[in-house]
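Everything below concerns the one structure shown next.
Residue numbering restarts at 1 for every chain, and letters A, B, ... go by the order of the sequence lines. Nothing here was measured: the structure is a model prediction, and the numbers come from that model.
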There are 2 protein chains.
Amino acid sequence: MSTAEETTGGEVEPWEEVTPDAARRLLVAAVEAFAERGYHATTTRDIAGRAGMSPAALYIHYKTKEELLHRISRIGHDKALDILRTAARREGTAKERLADAVSSFVRWHAGRRTTARVVQYELDALGPEARAEIVALRRQVDAEVRGIIEEGVTAGEFDVLDVQGTTLAVLSLCIDVARWFNVDGPFTPEEVGALYADLVLRMVGAK
Amino acid sequence: MSTAEETTGGEVEPWEEVTPDAARRLLVAAVEAFAERGYHATTTRDIAGRAGMSPAALYIHYKTKEELLHRISRIGHDKALDILRTAARREGTAKERLADAVSSFVRWHAGRRTTARVVQYELDALGPEARAEIVALRRQVDAEVRGIIEEGVTAGEFDVLDVQGTTLAVLSLCIDVARWFNVDGPFTPEEVGALYADLVLRMVGAK
DNA sequence: GCCGAAGCTGAGCGAGCGCTTAGCCTGCCT
DNA sequence: AGGCAGGCTAAGCGCTCGCTCAGCTTCGGC
């Protein structure tokens, strides 16, 4: 509602907040490489090569390979949280807001699958401090979804056995889209978003 | 029904099919290390050390580090498929069989989380031939779940919009348990299994 | 037209990787 | 008692990793 996120699952064109241009090219290259092979299997030579630079150029813009992952993870979690907050705080019934949250969250995980993959599955490669920062963001993500479900239960819109467990399951379902979604597969991000919104409404017993 | 899988989510004591003893100890050590740090971040020295052996001992029982992962993945997928098949082919309504399949599949992913983590999330570290073999097993896993759902729809027990998409979502939900489940967390494997069986029955509109 | 800062490269360092090899025990067959 | 096959280790090979550094180019300010 507030921002322009109509067509696919995500932003207009991402990473525009990363400057200068060379730093952004390196970061985009790192996202692709991390998503394809995983953080530990990706070499700094590979990242620099994809960005059309020598291996040494990476260290002008980033202190370490881990800082690249940290920046990607931070920006990605901020974006994911923003998507959920936008849906959670619009006007409407809990049912409408939950459906909106799930469909837009899923569209992002499918449409920007490479980014989401890195964001959701490479957390363990971060050091303790960076990981703690990201874990705090994840708790906020959890709180947004739990909030909608609790409101739906209070309002009598939902019928849920275990709010915390159901919240976990809903988020888990959405996040795992980044693992299995295939651009060449039978579904578009929009289709998965719509299907998953329906499934989640069933899970919470929406009337 | 056929085997003894009552209490937790899995087997009596696993890896008993791996012989000799030294090979099993190395494999168990590899499962722990891969689950903790991921395949690429685990060193052969670490695996051998956990098994109380020198790095060279690993290569008496396994040709490469990748062969270790392949063996783990193969045995784990066989076990997961066996769990689903047992539930799918017992007697009862589609609703009963789906609930049984989901709860036992989830109990395995939670109770044997370290194994499940390696099995489900390190597929990409395998070479082309090994990966192809595992992907074939995954298709059989998908077929078992889709079979139950299709039978439920045909029998008028379920109300499903998209059978393939719902199958994917159900499996995705169960598999992702291996990512978030924490032994020190608020749930036991049995609780998650029961909760998830209920959620999945809601997803398929079980009457 | 000169100068210094910023961006980048070629070459390479120290470390740790997967894996190999030579040789040492141990226990079983004869 | 002797021989030998299998299980294991100490040492280390060749390689690639993350990262560094001296020096080259480019370009705006004066």
Side-chain angles (χ1 to χ4, degrees), chain A residues 15-73 118 122-131, chain B residues 15-73 118 122-131:
Chain A
W15 311 122
E16 55 189 3
E17 65 264 60
V18 182
T19 55
D21 182 68
R24 177 170 52 247
R25 270 159 50 219
L26 283 164
L27 192 131
V28 168
V31 169
E32 289 171 9
F34 292 162
E36 265 179 40
R37 312 208 226 291
Y39 175 80
H40 288 294
T42 299
T43 70
T44 55
R45 285 163 176 84
D46 181 26
I47 297 170
R50 285 176 194 247
M53 296 177 191
S54 81
L58 195 151
Y59 294 90
I60 294 162
H61 301 283
Y62 302 94
K63 276 200 303 245
T64 61
K65 174 178 148 186
E66 194 198 316
E67 193 195 324
L68 259 170
L69 177 61
H70 184 197
R71 286 266 245 275
I72 292 166
S73 197
V118 178
E122 300 291 345
L123 176 67
D124 290 344
L126 289 172
E129 319 101 63
R131 182 160 57 238
Chain B
W15 310 122
E16 55 189 4
E17 64 263 62
V18 182
T19 55
D21 182 68
R24 177 171 52 246
R25 270 158 51 220
L26 283 164
L27 191 131
V28 168
V31 169
E32 288 171 9
F34 292 162
E36 263 179 41
R37 310 210 229 289
Y39 175 80
H40 289 293
T42 299
T43 70
T44 55
R45 285 163 176 82
D46 182 27
I47 297 169
R50 285 175 193 246
M53 297 179 190
S54 80
L58 195 152
Y59 294 91
I60 294 161
H61 301 283
Y62 303 95
K63 275 202 302 250
T64 61
K65 176 177 147 186
E66 195 199 316
E67 193 195 324
L68 260 170
L69 177 61
H70 183 196
R71 286 266 247 273
I72 293 165
S73 197
V118 178
E122 301 291 346
L123 176 66
D124 290 346
L126 289 172
E129 320 100 61
R131 181 159 59 240

Q. Can a side chain N or O of A/Thr44 be found less than 4.0 Å away from OP1 or OP2 on D/dG18?
A. yes

Q: Would you mind telling me which residue lines up with the more 5' stretch of DNA chain D, A/Ala56 or A/Arg45, judged by nearest nucleotide?
A: A/Arg45

**Q.** Spacing of B/His40 atom NE2 relative to D/dG18 atom C1', expressed in whole Å
**A.** 17 Å

Q. What is the nucleic acid contact for A/Ser54, judged by heavy atoms within less than 4.0 Å: base, sugar-phosphate only, or nothing?
A. base

Q.
Please tell me if A/Tyr59 has a side-chain N or O lying less than 4.0 Å from either OP1 or OP2 of D/dC19.
A. yes

(Q) At a heavy-atom distance below 4.0 Å, which nucleotide of DNA chain C is the first touched by chain A, and which is the last? (A) C/dC8 to C/dG12

Q: Mark yes or no for whether A/Arg131, through its side chain, and A/Leu126, through its backbone, hold a donor-acceptor pair below 3.5 Å.
A: yes

Q | Whole-Å distance separating the NZ atom of A/Lys65 from the C1' atom of D/dT20 | A | 17 Å

(Q) From OH of A/Tyr62 over to P of D/dT20, roughly how many Å is that when rounded to an integer? (A) 16 Å

Q) Under 3.5 Å, side chain of A/Glu122 to main-chain N/O of A/Leu69, donor-acceptor pair present? A) no

Q) Can you check the B/Met53 CE to D/dG7 P distance for me, whole Å? A) 11 Å

Q) Counting N and O atoms only, with roles assigned by atom type, does the side chain of A/Arg24 sit under 3.5 Å from a partner on the main chain of A/Val18, one being a donor and the other an acceptor? A) yes

Q.
Test your reading of the model: is there a side-chain donor-acceptor pair from B/Lys65 to the backbone of B/Leu58, 3.5 Å cut-off?
A. no

Q) Once you round it to whole Å, what is the distance between P of D/dC8 and CD1 of B/Ile60? A) 6 Å

**Q.** Side-chain donor or acceptor of B/Tyr62 paired with backbone N/O of B/Ala23 under 3.5 Å
**A.** yes

Q. Is a donor on one side and an acceptor on the other found under 3.5 Å between the side chain of B/Arg25 and the backbone of B/Ala51?
A. yes

